[in-house]
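Per chain, numbering begins at 1; letters A, B, ... match sequence-line order. No hydrogens, no waters, no symmetry mates; every other heavy atom, side chains included, goes into these values.
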Protein chains: 2
Amino acid sequence: MEQNTLPLNDLYAPEKRIYVATDCIIFGFDKGILKLLVFERRVDPFKGTLSLIGSFVKPNEAANDAARRVLNEITGLDNIFMEELKTYSDVERDPGARCISIAHYALIRIDDYDKELVEKHGAIWYEFDKLPKLVLDHDIMIEDALSRLRRKAKFYPIGFELLPKKFTIPQFQKLYEAIFQQTLDTRNFRKKLMSLKLLIALDEKDKSGSKKGAFLYKFDYKKYKRLQQKGFNFSLFKN
Amino acid sequence: MEQNTLPLNDLYAPEKRIYVATDCIIFGFDKGILKLLVFERRVDPFKGTLSLIGSFVKPNEAANDAARRVLNEITGLDNIFMEELKTYSDVERDPGARCISIAHYALIRIDDYDKELVEKHGAIWYEFDKLPKLVLDHDIMIEDALSRLRRKAKFYPIGFELLPKKFTIPQFQKLYEAIFQQTLDTRNFRKKLMSLKLLIALDEKDKSGSKKGAFLYKFDYKKYKRLQQKGFNFSLFKN
DNA sequence: CCAAAAGTGTTCTTCGTACACCCATGT
DNA sequence: ACATGGGTGTACGAAGAACACTTTTGG
């Protein structure tokens, strides 16, 4: 058979290969509103329609590297919180060709990104609730990403990835209210958050939100990592 | 360029395609012990070494259909609990060729499967703690699957998928003890479980475990589905 | 009658939740 | 001086955690 004569990097020749892509659901949080970064699709079919940011996975890169590459190309950002969401592999999902997409979601500090770069690529921040219909199955990806974000934010301190490194408690509460679409009691929220002892109090105030100003905090990642290894569970809600 | 002459089912021609496979981490639970179904790899490289059950994803099937297909081929089972775990896409993960694998994990009632079929394919149940080294990155997949199973079993009633449809409370507790590798207090476990009111008490006893015999129960899936839609949270543990 | 597993209640502590007022400051 | 958002404490009820004995029955 021809199989034995093939080089070691293709022993599976009779099998069919498939296009593999990645799409990124990029969350941001600005002025109390949860936002999503989308842009205009660069390839046919549906060239020009609104789409998540994505790319084909190249032969020499892993899927998460592809996702980081495309995120960096468009925002100029590195070291972003990003996680695999799930794979979308319906046979009919993309009329352009049989193509699976390994979706990733990312959380970015909305003021950090390179605005010029974003504009150059025609990227747009949409309020989450005001998103138009996107191309292919991207709407489903977004729904899935939101429920993942909700689940994750209950048990892991990922909300901080959406806030500036220095943030106030009211800001943090507003973020949770935006993610979970419900209002929370100020006193209980603060008490619970403080009881975790994972915030580092700073001697600065942020006066942009009120005349009195609110104290700024930093999240203590190192302490969290240590506690996590001992089985500690970050959790702001019971349910 | 040749691109414009291509049929609509391949508009991405300059991009490279990649082999897409799926591997299944199949959990079972037998006599108080968590087990995993593995078998001997059917293709080169490493033909004959122990491996998870897998297959290439064909051009005309979704990844989860491929996973169900291969699970059915080997166990004869349909309608199994199965979920996508994650994608493994390191460039170097498979020396046979550039190939990504979309891993799935499945929970099966260990007495349900077709034993002949399993034997015919050279499949073997291994105790989870006594697994030898498997091929490629399958060891990592297994670790990931176990932590997913743990996380999921805390908040969703998936443990029942590993037990016979009729089961006893002590059986169920042993399952949780096996999954979480810790002993649990009988009284508190039973109290918590019963307070959920999701078990249907039967008038039968299972006497295989003791002389006294333990009452059998069924899980009330319909009720659970209803409650879940109202935001109910199945949870046997706080942490 | 005894070994072996099934089944059951109470107390204490912790945590969640509901709820209302004073504080600091810029205009 | 006042409007605006920031910050704080207490009391009640629910749920988790610790803990030991009785019941059943086959051999």
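- Mapping A:T186 and B:N188 onto DNA chain C via the closest heavy atom, the residue that lands nearer the 5' end is B:N188.
- Nearest to the side-chain atoms of A:P170 among the listed nucleotides C:dC19, D:dG7, C:dG7 stands D:dG7.
- Toward the 5' end of DNA chain D, the nearer of the two residues B:D185 and B:K207, judged by each one's closest nucleotide, is B:D185.
- Minimum interatomic distance between A:M194 and A:I169 (heavy atoms only, all atoms of both residues): CE-CD1, 3.6 Å.
- One atom, CZ of A:R187, and another, P of D:dA11, lie 14 Å apart when rounded to the nearest Å.
- Remark: P of D:dA17 and CG of B:L236 are 12 Å apart, rounded to the nearest angstrom.
- Spacing between atom CD of B:Q173 and atom C1' of C:dG7 amounts to 12 Å, rounded to whole angstrom units.
- Figure legend: B:K230 and B:F232 shown without cation-pi pairing, the cationic atom not lying both under 6.0 angstrom from the six-membered ring centre and within 45 degrees of its axis.
- Using a distance-only test at 3.5 Å, with no hydrogens or angles considered, no donor-acceptor pair links the side chain of A:E84 to the main chain of A:I102.
- Scanning atom types as modelled, no donor and acceptor separated by under 3.5 angstrom connect the side chain of A:K212 and the base of C:dA24.
- Taking only distance into account, the side chain of A:K205 never meets the base of C:dT25 through a donor-acceptor pair shorter than 3.5 Å.
- Atoms CD (B:E177) and P (C:dA5) sit 13 Å apart, rounded to a whole Å.
- Residue B:K192 places its side chain closer to D:dG16 than to any other of D:dG16, D:dG6, C:dT8.
- Distance B:L193 CG to C:dT8 C1': 15 Å, rounded to the nearest Å.
- As a whole-Å value, the separation of A:F172 CZ from D:dG7 P is 15 Å.
- Note that the OG atom of A:S195 and the CZ atom of A:R190 stand 13.0 Å from one another [nearest 0.5 Å].
- The base of D:dT23 has none of its N or O atoms less than 3.5 Å from a complementary donor or acceptor on the side chain of B:K211.
- Using a 4.0 Å cut-off, some side-chain N or O of A:R190 falls inside it from OP1 or OP2 of D:dT8.
- Atom CZ of A:F167 is separated from atom P of D:dG6 by 15 Å (rounded to the nearest Å).
- In summary, the side chains of B:Y88 and B:D23 do not present any donor paired with an acceptor at a separation below 3.5 Å, with no hydrogens or angles considered.
- Between the base of D:dT10 and the side chain of A:K191 there is a donor-acceptor pair shorter than 3.5 Å.
- The CZ atom of A:F215 sits 13 Å away from the C1' atom of C:dT25 (whole-angstrom rounding).
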